[in-house]
Structures are given as C-alpha cells and as structure tokens.
Amino acid sequence: MKLSTKGKYAVEAMCCLAVNCEEGPKKVRELSDKTGITEGYLEQLFFRLRKAGLLTTVRGQKGGYLLARSAGEITVGEILRAVEGELVPVVCIRDPSLCQSAMAPQCATRPVWTKLAAAIDAVADGVTLSSLAQSFPKEEVG
Amino acid sequence: MKLSTRGRYGLRAMIDLAIHDQGDYVTLGSIAQRQKISLNYLEHSFAALKNAGLIRGMSGSQGGYRLAAPPSAITIRQVLEVLEGDLSIVGSDGSQEESPYARHVRNMVWDKMDKKIDEVLSGLTLADMAAEFSRLQP
C-alpha cells in the first residue's frame with residue numbers, strides 16, 4: 001500500500017513553495033533546485049494543482065508560481081487528491097457498487113478499509129501548508 | 001494509494017480460516033470455494049503466511065491449514081505485512097538523498113499517517129474480523 005511518487009512530490013513541492021513564496025512568485029527552475037524534483041515532473045504536477053485551484057501563475061520576467069490561496073487554507077489532503085484522485089486504499093470505500101466480488105454483501109474486510117481511509121484522511125486534512133511552512137527548520141531555508 | 005488484491009483476498013481467506021478452524025485442518029480448496037477466490041491465487045499467499053509463522057500447514061488427505069495462534073492473538077497488521085510487505089505510506093528512498101523539504105514532509109505527514117495506519121491495523125485481530133463476518137451473515 002503506497003502513495004504514488006506524484007503525491008509525495010506534490011506535497012514536497014507545495015511545501016517548498018509555501019516556505020519560499022513570501023518574496024514573490026517562484027519559477028519552476030528555482031523549485032526544482034531546492035527540491036531535487038525535475039522541472040518536467042514539477043510542470044506536470046503544477047498543471048494539475050493549478051486545475052484544482054491550488055496554484056496560480058504570474059506572467060512576466062518576475063513571474064512564476066504562487067499559492068492560489070493563503071497557506072492556512074490549503075491542506076495536504078487537497079494537494080494529494082488533486083494529483084492522486086481519491087485517497088482510499090480500496091475503491092469500495094467511496095462506492096460499494098465498484099466491488100466486483102460475489103461476496104460483497106458479506107465482506108468483513110470493508111470496515112477495516114473504511115477505518116484505514118478515515119485515519120489517512122484525518123492526517124491529510126489536518127495538516128495545512130502554513131503549519132508545514134511554519135515548522136520548517138529555518139536553517140534549511142535556501 | 002491502493003491495497004493490492006493479494007492483501008485483500010489473503011485477509012478474507014485468513015478470516016475464513018479463523019472461522020472454520022475448529023480443531024481440524026481446513027483445506028485451502030474449501031476456503032477458496034467459500035470466499036470465491038481462485039485456489040491458485042490463495043496457494044501463493046498461504047505459503048507466505050506459513051513462512052511467516054502465522055499459519056501451520058499439513059499435507060496429506062487430512063491436511064490443510066490451521067492458525068498458528070488463537071485468532072485474538074493475530075492482528076490484521078501482521079497478516080497484511082506478510083501479504084503487502086512494508087506498510088508505510090511512502091517507501092524509503094533508500095540511498096537517495098532527501099531534500100530538506102522531503103525530510104520535513106516525511107516527519108510532519110507521512111510518519112504521522114504511518115502511525116495512524118499502524119494503530120488501526122494493530123488494534124484489530126482476526127477474532128474481531130470473524131465476529132464482524134458472522135454478524136453480516138444472512
């Protein structure tokens with residue numbers, strides 16, 4: 001059971017932007033240097049994050065990416081859902097009709113997956129970008 | 001993030017075994033039939049569960065499988081760890097160097113998720129699941 005690299009990198013990139021965007025928009029190249037994520041990968045992620053209304057772009061020479069809302073209003077859960085889709089470990093949690101098993105009505109495991117999904121959601125929705133940025137070790141900014 | 005078929009089917013089969021393990025060895029064929037899972041598929045999972053010491057197997061005409069411990073002493077975490085491998089939400093990057101941001105997100109988010117997932121899975125045993133299954137029977 002693993003989160004994809006997309007989800008992991010999207011949260012890292014958004015954390016980096018939240019830590020560094022106070023002095024203005026950040027270019028993909030700068031964020032790539034800081035996170036070690038390739039520019040191409042960042043562009044792909046930012047396309048989705050922009051579509052989800054979490055990022056905006058500023059044009060021009062001083063342009064780049066900015067958070068679309070204040071960092072306190074963007075949660076890790078929103079970022080993950082924007083790039084991963086649903087966070088559920090098994091599809092039946094959001095929609096029981098997606099289960100193709102003949103045993104579906106007597107499925108004893110679904111309650112486990114439901115609890116698992118709730119635990120993951122609670123953490124993801126409880127962490128905002130501002131809490132990530134504020135707790136980021138100051139000596140590492142750069 | 002998805003749980004594999006191996007983890008989902010294997011856990012269902014273990015719950016079935018917990019219910020039907022009444023002193024005799026339970027054949028894999030009967031579990032496969034009741035749970036409507038292919039026998040071939042279960043054979044691999046049960047070999048791994050046996051290697052991990054969660055079940056005991058006996059070959060022969062009276063053979064089959066039994067739990068190696070009472071169902072209340074086997075947690076869902078133990079079962080899924082055998083079937084799914086490492087249950088952490090993001091794999092460790094191994095030798096790759098983490099950026100300060102990756103390290104920070106790991107500390108603040110992934111480690112917390114892992115802890116919660118672990119709490120859920122360690123807090124449930126095969127006995128709990130067997131009770132749930134019985135409750136759902138028509």
Side-chain angles (χ1 to χ4, degrees), chain A residues 1-5 7-9 11-20 31 33-37 76 80 84-92 101-103 105-124 126-127 131-133 135-137 139-142, chain B residues 1-5 7-12 14-16 18-19 34-37 76 80 84-91 93 96-121 123-124 128-138:
Chain A
M1 184 181 56
K2 292 274 171 281
L3 206 71
S4 73
T5 315
K8 179 177 181 288
Y9 282 175
V11 177
E12 290 171 17
M14 288 293 271
C15 170
C16 181
L17 187 59
V19 169
N20 292 288
L31 296 167
D33 285 346
K34 289 177 195 296
T35 57
I37 305 167
V76 167
L80 289 177
E84 295 255 339
E86 294 263 38
L87 287 184
V88 297
V90 183
V91 290
C92 68
S101 168
M103 300 300 288
Q106 300 145 55
C107 180
T109 50
R110 188 163 175 263
V112 181
W113 316 140
T114 308
K115 278 188 193 148
L116 218 48
I120 293 165
D121 278 346
V123 175
V127 181
S131 66
L132 278 183
S135 57
F136 188 78
E139 66 272 17
E140 305 230 57
V141 176
Chain B
M1 183 207 32
K2 290 281 170 278
L3 215 68
S4 72
T5 320
R8 289 183 282 129
Y9 288 6
L11 180 57
R12 263 172 50 200
M14 281 292 272
I15 296 166
D16 187 283
I19 292 167
R34 279 189 298 266
Q35 294 298 320
K36 303 187 169 54
I37 301 169
I76 305 309
L80 287 181
E84 295 273 324
D86 173 25
L87 289 175
S88 62
I89 195 111
V90 301
D93 287 358
Q96 235 181 319
E97 184 140 357
E98 278 191 324
S99 77
Y101 300 95
R103 206 176 311 131
H104 185 55
V105 172
R106 181 181 294 279
N107 290 335
M108 297 292 292
V109 185
W110 314 136
D111 285 354
K112 281 184 190 169
M113 279 187 189
D114 285 343
K115 196 162 162 281
K116 290 285 173 201
I117 290 168
D118 193 73
E119 279 171 19
V120 170
L121 298 178
L124 289 167
D128 298 325
M129 303 302 297
E132 174 71 16
F133 185 81
S134 306
R135 199 180 63 77
L136 291 169
Q137 292 319 292

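Within every chain, numbering begins at 1; the chains are lettered A, B, ... in the order of the sequence lines, protein sequences first and strands thereafter.
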Is [X] close to chain A through its backbone or its side chain, or both, or neither, when contacts mean heavy atoms under 4.5 Å?
| X | result |
| --- | --- |
| Arg34(B) | backbone |
| Val109(B) | both |
| Ile37(B) | neither |
| Gln35(B) | both |

Largest heavy-atom contact set with chain A, pairs under 4.5 Å, which of Ser99(B), Gly85(B), Ala131(B):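 Looking at each option in turn, the highest pair count goes to Ser99(B).
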
Top of Glu119(B), Arg8(B), Lys116(B) for chain A proximity - count of heavy-atom pairs under 4.5 angstrom: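 Answer, by heavy-atom pair count under 4.5 Å with chain A: Arg8(B).
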
Closest non-hydrogen atom pair, [X] against [Y]:
| X | Y | result |
| --- | --- | --- |
| Ala13(A) | Thr35(A) | CA-CG2, 4.4 Å |
| Ala130(B) | Ile19(B) | CB-CG1, 3.6 Å |
| Gly123(B) | Asp128(B) | O-OD2, 3.8 Å |
| Pro100(B) | Phe136(A) | O-CE1, 3.6 Å |

Residue Leu80(A) versus chain B: region with a heavy atom under 4.5 Å: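 For Leu80(A), the side chain is the part near chain B, not the backbone.
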
Side chain / backbone / both / neither for Ala124(A) at chain B, heavy atoms under 4.5 Å: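 Its backbone and side chain both get close to chain B.
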
pair Leu3(A)-Glu84(A): side-chain heavy atoms closer than 4.5 Å: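 They are in side-chain contact.
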
Ignoring hydrogens and angles, write down the donor-acceptor pairs under 3.5 Å from the side chains of residues 110-121 of chain A, residues two or more places apart or on other chains.
from, atom 1, to, atom 2, distance (Å)
Arg110(A), NE, Cys92(A), O, 3.1
Arg110(A), NH2, Cys92(A), O, 3.2
Arg110(A), NH2, Ile93(A), O, 3.3
Thr114(A), OG1, Arg110(A), O, 2.9
Asp121(A), OD1, Arg81(A), NH2, 3.1
Asp121(A), OD2, Arg94(A), NH2, 3.0

Best-contacting candidate, Leu132(A), Thr5(A), Val127(A), against chain B by heavy atom pairs under 4.5 angstrom: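 Ranked by contacts with chain B, first place is Leu132(A).
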
Heavy atoms from other residues, nucleotides or ligands near CZ of Phe133(B) exceed 12 (cutoff 6.0 Å):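 Atom CZ in Phe133(B) is crowded, with more than 12 foreign heavy atoms closer than 6.0 Å.
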
